[in-house]
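This report refers to the structure that appears directly beneath it.
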Amino acid sequence: MKYWLMKSEPDVFSIDQLKSKKKSGWDGVRNYQARNFMRDEMKLGDIVLFYHSSCEIPGVAGLAKVSRESHPDPSQFDPKSEYYDPKSTLDNPRWFMVEVEFVEKFEDVITLKMLKEKKELENMPVVQKGSRLSINPVSEKEYKTILQMRLG
DNA sequence: GCCAACGTTGGC
DNA sequence: GCCAACGTTGGC
């Protein structure tokens, strides 16, 4: 069992939307490193910290879990989608995604500011300047630290 | 809206 | 294969 942090802009897809849909394919990722995590490493039952980025209060908004492992992201085949990739074919898809299932919405967002104040979390890419990768592995220790912050 | 960081593209 | 130009991310 592994832990992950996945960024999403709440204007595009928020924890509330996941809560009402219950499950959702994590589509639209067009970065090879992030794709490789989804394609190769994210397994059924892995826990996801759902992070809201590019918004008023960036931070961890809740929890999800992997409910289906790697499969091709359908948006790459859809010419009407903003994620359409003309170089992708059904026989040779370029982009893969996992499906995630809602677990919990935190009562209050654990803000980036709070994450930055924790010495234990200083190695997380999300607290570091210029880190843009939208999917990152999280250590068990980091995960537990963040979970404890949710209640206080 | 600004801008630093960084990934991708494409000419050579 | 190099690297400048360009585009995107994301905090502020």
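Chain A is the first sequence line, chain B the second, and so forth, proteins listed ahead of strands; every chain is numbered from 1. Being a predicted model, the structure only gives us computed values, none of them experimental.
For residues 89-99 of chain A, proximity to DNA chain C is found at no residue, defined as any non-hydrogen atom under 4.0 angstrom from a strand atom.
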At under 4.0 Å between heavy atoms, how does the protein contact nucleotides 1-11 of chain C? Give one character per nucleotide, 5' to 3', with B, S or -. ------BBBBS
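Atom CD of Glu56(A) is surrounded by 12 or fewer heavy atoms from other residues, nucleotides or ligands within 6.0 Å.
When each of Lys65(A), Lys19(A), Arg150(A) is tested with Glu104(A) by the rule salt bridge (Lys or Arg N to Asp or Glu O under 4.0 Å), just one qualifies, namely Arg150(A).
When only modelled atom types and interatomic distance are considered, Trp4(A) and Asn136(A) share no side-chain donor-acceptor pair under 3.5 Å. Using modelled atom types, one finds a donor on one side chain and an acceptor on the other under 3.5 Å when comparing Ser67(A) with Glu99(A).
Pairs passing the ring pair (Phe, Tyr, Trp, His ring centres under 6.0 Å) check and including a residue from residues 81-116 of chain A, sequence neighbours excluded, read Tyr32(A)-Trp95(A).
Between Phe13(A) and Trp26(A), the ring-plane angle classifies as perpendicular under the 30° and 60° cut-offs.
Residues Leu5(A) and Tyr51(A) come closest through the heavy atom pair CD2-CB, 3.9 Å.
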